[in-house]
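Because the structure is predicted, anything quoted here is derived from the model rather than measured.
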Amino acid sequence: MNIELNSKKLFMFFISIIALLVIANGFAIISEHFLSYSHMETIIRLFNVDKEMNIPTLYSSCAMIFASLLLGLIAYVHFNKSEKYLAWAGLSAIFLFLALDEMTELHEMLVGPVRNSLNTTGILYFAWVIPYAALLLVFGLTYFKFLFRLPIKTRNRLILAGVIYVSGALVMELIGGKIAEQHGTDALVYAISYSIEETLEMLGIATLIYTATTYISEQFPTLSIQIKD
C-alpha cells in the first residue's frame with residue numbers, strides 16, 4: 001500500500017479545520033459574554049480555546065503529533081542514507097513534547113512556583129514563559145547552523161512557521177498576562193488575546209506540517225511507504 005500526501009491539499013485541510021475552530025471559539029466567547037442561556041455552557045466548554053481537554057486541545061495535540069511524525073520520518077530517511085539526522089530527530093522530539101504539554105497543560109503547572117519564586121507581574125504574570133523562553137533561546141543557538149544548511153525554501157518556511165508559532169505561544173502570552181492582571185481572565189479583552197494566541201499557534205503548526213511535507217517531496221521524490229505483513 002502506498003500512502004501519498006499532497007502538501008497543498010493537506011495544508012488547506014488543516015487551515016479549514018483551524019477556520020472552523022476559530023469560528024466555533026468566537027461563538028463560544030459570544031455565548032459566554034453576551035448570552036445568558038445555561039445550555040450554552042456545553043458549547044463554551046467544548047470549543048473555547050482557553051479551556052482544557054476539549055476539541056481545540058485535541059486538534060492541537062493531534063496536529064503536533066502529526067508534525068512530530070513527519071519530522072521523525074525525515075530523520076529516519078536521512079539516517080538510512082547515512083546523512084545528518086539528529087537535528088530532525090530533535091525537532092521531532094520537541095514537538096512530541098509540545099503535544100504532551102498541550103494535552104496535560106504542563107506549562108500551566110509552572111505558573112505558581114515560578115511566580116512565587118520571582119514575584120513576577122505584568123507581562124510575566126503567566127510566569128511559565130520565563131523557563132520556556134530560556135529553552136527557546138537554547139533551541140535557537142543550537143539550531144542556528146542547522147537552519148542555514150537547509151535549502152533556502154525549506155529554511156524560509158521553517159523560520160516562518162517558527163515565527164508564527166512563537167508569536168502566539170510566547171509573545172501573545174506575554175500580552176495576555178498583562179491583560180489578565182489588569183482586567184482579569186473573565187474579561188472580553190482577555191478572550192480576544194487568547195483567541196489570537198491560540199490561532200497563531202495552530203497556524204504555526206499547520207505551516208510546519210506544510211514545510212515538512214514539501215521537504216519530503218523535494219528531497220525524497222521516490223519515497224514510498226509500504227506496509228507489509
Side-chain angles (χ1 to χ4, degrees), residues 18 21-22 24-26 28-33 41-65 67-68 90-143 161-206 208:
I18 292 170
L21 290 175
V22 169
N25 171 69
I29 290 173
I30 291 172
S31 300
E32 184 174 11
H33 289 271
E41 292 180 5
T42 301
I43 293 176
I44 295 168
R45 176 70 184 83
L46 283 177
F47 294 105
N48 188 302
V49 295
D50 198 45
K51 305 296 183 184
E52 299 177 6
M53 302 300 291
N54 60 4
I55 292 175
T57 301
L58 177 63
Y59 164 78
S60 293
S61 300
C62 290
M64 288 181 186
I65 290 172
S68 176
L91 282 174
S92 177
I94 287 169
F95 280 94
L96 180 60
F97 168 77
L98 290 175
L100 295 174
D101 186 314
E102 184 72 21
M103 287 186 284
T104 62
E105 297 290 334
L106 176 64
H107 61 280
E108 296 290 344
M109 302 177 190
L110 297 175
V111 173
V114 177
R115 182 189 293 162
N116 294 334
S117 299
L118 303 178
N119 296 316
T120 58
T121 58
I123 61 173
L124 299 178
Y125 181 73
F126 296 126
W128 68 265
V129 298
I130 297 174
Y132 274 63
L135 291 174
L136 178 63
L137 178 61
V138 172
F139 169 81
L141 294 173
T142 304
Y143 273 81
V163 169
I164 294 172
Y165 183 81
V166 172
S167 295
L170 196 60
V171 177
M172 285 305 303
E173 186 77 357
L174 294 172
I175 296 172
K178 183 69 173 179
I179 292 171
E181 185 180 50
Q182 291 184 338
H183 303 283
T185 56
D186 293 328
L188 178 60
V189 64
Y190 177 67
I192 293 171
S193 74
Y194 68 64
S195 297
I196 296 172
E197 173 190 335
E198 295 295 334
T199 301
L200 287 172
E201 287 183 28
M202 291 188 286
L203 288 173
I205 297 301
L208 174 62

Fill in: Closest non-hydrogen atom pair between A187 and H33, with its separation
C-CE1, 3.7 Å

Worksheet item: Where is the tightest heavy-atom contact between G176 and S193, given as atom of each residue plus distance?
Response: CA-OG, 3.9 Å

Discussion item. Run I175 and M172 through side-chain contact (heavy atoms from CB on, under 4.5 Å) and show every step you take.
Written reply: CA-CA 5 Å; I175 296 172; M172 285 305 303; 3.9 Å; yes

Discussion item. Is a donor from one side chain sitting under 3.5 angstrom from an acceptor on the other, for Y59 and N54?
Written reply: no

Practice prompt. Please test C62 against L58 for side-chain contact (heavy atoms from CB on, under 4.5 Å), starting from the C-alpha separation and ending with a verdict.
Written response: CA-CA 6 Å; C62 290; L58 177 63; 3.9 Å; yes

Discussion item. Rounded to the nearest 0.5 Å, what separates atom CG in L141 from atom CG in L136?
Written reply: 9.5 Å

Practice prompt. Enter the distance from D186:CG to E32:CD here, rounded to the nearest 0.5 Å.
Written response: 7.0 Å

Fill in: Whether N116 side chain and G112 backbone form a donor-acceptor pair below 3.5 Å
yes

Worksheet entry | Considering all heavy atoms, the nearest V111-Y125 contact | CG1-O, 4.1 Å

Fill in: Note, W128 side chain near L106 side chain (heavy atom, < 4.5 Å)
no

Worksheet item: Rounded to the nearest 0.5 Å, what separation is found between the CG atom of N25 and the CD1 atom of I43?
Response: 12.5 Å

Worksheet entry | Donor-acceptor contact present, side-chain R45 to main-chain E52, <3.5 Å | yes

Discussion item. Can you give me the closest heavy-atom contact between A161 and G204, atom names plus distance?
Written reply: CB-O, 3.6 Å

Worksheet item: Once you round to the nearest 0.5 Å, how far does CD1 of I30 lie from CD1 of I44?
Response: 11.0 Å

Worksheet item: Does a side-chain heavy-atom distance below 4.5 Å link T121 with E181?
Response: yes

Practice prompt. To the nearest 0.5 angstrom, please state how far the OG atom of S31 sits from the CZ atom of F47.
Written response: 11.0 Å

Worksheet item: Can you find a heavy atom in the side chain of P56 that is under 4.5 Å from one in the side chain of E198?
Response: no

Practice prompt. Tell me, with the steps shown, if Y143 and V138 meet side-chain contact (heavy atoms from CB on, under 4.5 Å).
Written response: CA-CA 9 Å; Y143 273 81; V138 172; over 6 Å; no

Discussion item. Taking atom CE as the centre, does M109 end up with more than 12 heavy-atom neighbours from other residues, nucleotides or ligands that are less than 6.0 angstrom away?
Written reply: yes

Practice prompt. For the residue pair F126 and Y190, categorise the inter-ring angle as parallel (less than 30°), tilted (30 to 60°) or perpendicular (more than 60°).
Written response: tilted

Discussion item. Can a donor-acceptor pair be found, under 3.5 Å and without considering hydrogens, that links the side chain of T57 to the backbone of M103?
Written reply: no

Worksheet item: Is there side-chain contact between L124 and I130, with at least one heavy-atom pair below 4.5 Å?
Response: yes

Worksheet item: Do any N or O atoms from the side chain of S167 and from the backbone of V163 form a donor-acceptor pair under 3.5 angstrom?
Response: yes

Worksheet item: With a 4.5 Å limit on heavy-atom distance, are the side chains of M202 and S60 in contact?
Response: yes

Worksheet item: Do the non-hydrogen side-chain atoms of F95 and I205 ever get within less than 4.5 Å of each other?
Response: yes

Practice prompt. Run through D50, T185, N48 and flag the one making a side-chain hydrogen bond (donor to acceptor under 3.5 Å, both in side chains) with Y194.
Written response: N48

Item to complete: Indicate yes or no: at least one non-hydrogen side-chain atom of V49 is less than 4.5 angstrom from one of L21.
Response: no

Worksheet entry | Any I29 side-chain heavy atom under 4.5 Å of S195 side chain | yes

Discussion item. Within this structure, what is the CG-OH distance for the pair L200 and Y165, rounded to the nearest 0.5 Å?
Written reply: 11.5 Å

